[in-house]
Amino acid sequence: MEVKELEVNKTLPYDPSLLAVNISLRQIEEIAMTVSQRCHVSGVNEIAWALRALMLTDLTTLAGDDTAANVRRLCLRACYPFEPQFFDKFFERALLSEIHTAAVCVYPARVKDAYQALQQYDKLDKVAIAAVATGFPTGQYGLQTRLQEISHAILSGATEIDIVINRQLALVGDWEGLYNEVVLMRSACGQRAHLKTILAIGELGTMENVYKAAMVCMLAGADFIKTSTGKEAVNATLPVGLVMIFAIQEFKRRTCQIVGLKPAGGVRTVRDAIAWMTLVNETLGMRWLRPERFRFGASGLLDDIEKVVREGVAKLEAQEAEKSKQAEPIVEQDVLETLCKDLRKTKEEK
């Protein structure tokens, strides 16, 4: 198995001054709601946004009854979400190779299955393999066991590790202890895998704790901060996302280091995804809506994306047929053309 060195974030010295914060929950909720509602899409726009959400998704299966067959089916959907001829009227077929999910996310025991499937589909260089680790979802394992799980996942073929933080350290305010643990996890990943740190925001108690946990993980060298395991009572919400974005912005201002964001749990529809992408676009900028900086962790989102895209394309085809009868030009192609340009650029860069 070929092991590639990746560009990863550096561990920075622990700096408690970065943890100083005072958050008004009411203001955060109002800002998040106002910002996320600024984007209203329909028609061609909705298709384009849905496809962008697809390409930002870590397609996930984390069930107790996962088998090799389940993982193979997951990888097939990740690599080929639509049949090749589906977009022929609206896309160059050569660009379809770029329409796939950002990653598949599985338990460490299923990483080898994912690796073999993606190898078979010749997509190892396009679809990343993410593995949840360190005693997911609770994190209630000994430190050495958690570190060994990271190593096992990487040796099996994982290129991204989604770790869960030790919530008890956060809840008692032992931020330096949490920092030290995540540093060891960053070291275990080395340059072989990107590190995503799951904060489990539903179990941290306060928005201040969310901000501090995010900052500690970023200081320790996280490449992404992630909202949730998807197993808590409260998962990804827009106000929590805004707090994490504020932490990312302040961390970048103070250290010049860029960290990505991954909402997970509760993002089930294209409308949910558009609200998140709007929030990110309005705060961090459009350049953040790339797999290197933003992901969705989801198991059911792809179902709604497929529904929205298929229904949208069917409407476009009906409109095209009607307008061809009237000899009128087709309109509303700007957004799809912009997406095509992005796909061409991605293909050229690769």
Side-chain angles (χ1 to χ4, degrees), residues 31-59 77 80-102 236 238 241-242 245 261-263 266-298 300-324 326 328-347:
I31 294 170
M33 186 60 64
T34 300
V35 171
S36 66
Q37 290 178 343
R38 288 179 185 168
C39 186
H40 299 281
V41 299
S42 60
V44 175
N45 285 354
E46 190 171 28
I47 296 172
W49 279 93
L51 290 174
R52 191 173 292 278
L54 184 155
M55 292 182 284
L56 295 171
T57 296
D58 288 1
L59 189 60
R77 285 197 78 193
Y80 305 106
F82 298 97
E83 59 273 20
Q85 68 273 20
F86 180 68
F87 289 112
D88 276 356
K89 288 186 178 180
F90 305 102
F91 283 104
E92 303 164 27
R93 185 169 288 202
L95 297 180
L96 290 179
S97 62
E98 303 305 321
I99 298 180
H100 51 74
T101 67
L238 294 173
L242 186 59
I245 286 170
L261 175 68
K262 179 178 175 180
V267 184
R268 298 184 178 90
T269 68
V270 170
R271 292 292 173 178
D272 293 337
I274 289 173
W276 273 97
M277 289 188 287
T278 302
L279 184 68
V280 170
N281 183 38
E282 293 286 330
T283 53
L284 294 169
M286 195 67 181
R287 66 190 183 280
W288 233 269
L289 293 179
R290 296 158 43 191
E292 297 82 9
R293 299 187 182 182
F294 184 72
R295 302 281 185 86
F296 293 111
L301 177 59
L302 187 54
D303 293 335
D304 196 58
I305 289 173
E306 183 178 354
K307 177 185 175 183
V308 167
V309 172
R310 290 187 183 280
E311 289 179 354
V313 168
K315 289 179 182 177
L316 285 179
E317 289 175 340
Q319 290 172 6
E320 187 179 63
E322 183 65 27
K323 288 175 181 177
S324 65
Q326 300 172 5
E328 293 182 4
I330 305 301
V331 296
E332 287 195 319
Q333 292 297 315
D334 290 348
V335 178
L336 276 180
E337 181 56 33
T338 298
L339 184 60
C340 285
K341 288 179 180 178
D342 289 344
L343 292 173
R344 290 189 198 101
K345 184 178 179 181
T346 301
K347 193 174 182 66

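We count residues from 1, following the sequence as given. All heavy atoms count here, side chains included; hydrogens, waters and symmetry mates do not. From a predicted model like this one, the values you see are computed outputs, not experimental measurements.
For the atom pair CG of Leu59 and NE2 of His100, the computed distance is 13.0 Å after rounding to the nearest 0.5 Å. The structure places CD of Glu46 at 11.0 Å from CG of Leu51, a figure rounded to the nearest 0.5 Å. We find the OG1-CG distance between Thr34 and Leu238 to be 11.0 Å, quoted to the nearest 0.5 Å. Note that CZ of Arg295 is 12.0 Å distant from CZ of Arg290, once rounded to the nearest 0.5 Å. Remark: Leu279 CG to Ile245 CD1 distance equals 4.0 Å, nearest 0.5 Å. Residue Leu54 holds its CG atom at 8.0 Å from CD1 of Ile99, rounded to the nearest 0.5 Å.
Here the closest heavy-atom approach between residue Val267 and residue Ala298 is recorded as O-CB, 3.8 Å. Residues Ile47 and Gly312 come closest through the heavy atom pair CD1-C, 3.5 Å. Ala273 and Phe296 make their closest contact through O-CZ, 3.5 Å (heavy atoms, listed as atom of the first residue, atom of the second, distance). Summarising the geometry of Pro263 relative to Phe294, their closest heavy-atom pair is CD-CE1, 3.5 Å, with the distance given to 0.1 Å. Residue Ala50 comes nearest to Val309 through the heavy atom pair CB-CG2, 3.8 Å, listed as atom of the first residue, atom of the second, then distance. Pairing each heavy atom of Ala102 with each of Asp58, the nearest pair is CB-OD1, 4.0 Å.
Ile274 has its side chain out of reach of Arg52: every pair of non-hydrogen atoms, C-beta onward, lies at least 4.5 Å apart. Side-chain contact between Phe82 and Val313 is absent, with no heavy atoms from C-beta onward closer than 4.5 Å. The shortest side-chain heavy-atom distance between Leu242 and Ile31 falls under the 4.5 Å cut-off.
Listed for the Asp272 side chain is a donor-acceptor partner under 3.5 Å among the backbone atoms of Thr269. Although no hydrogens or angles enter the test, the distance criterion places a donor-acceptor pair under 3.5 Å between the side chain of Asp304 and the main chain of Val270.
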### Task
Please lay out, stage by stage, how Met277 and Asn281 fare under the test side chain to side chain contact (heavy atoms under 4.5 Å, CB included).
CA-CA 6 Å; Met277 289 188 287; Asn281 183 38; over 6 Å; no
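Comment: Glu292 does not engage Arg287 in a salt bridge, judged by the lack of any side-chain N to carboxylate O separation of less than 4.0 angstrom. By the 4.0 Å N-to-carboxylate-O rule, Glu83 lies close enough to Arg310 to be salt-bridged with it.
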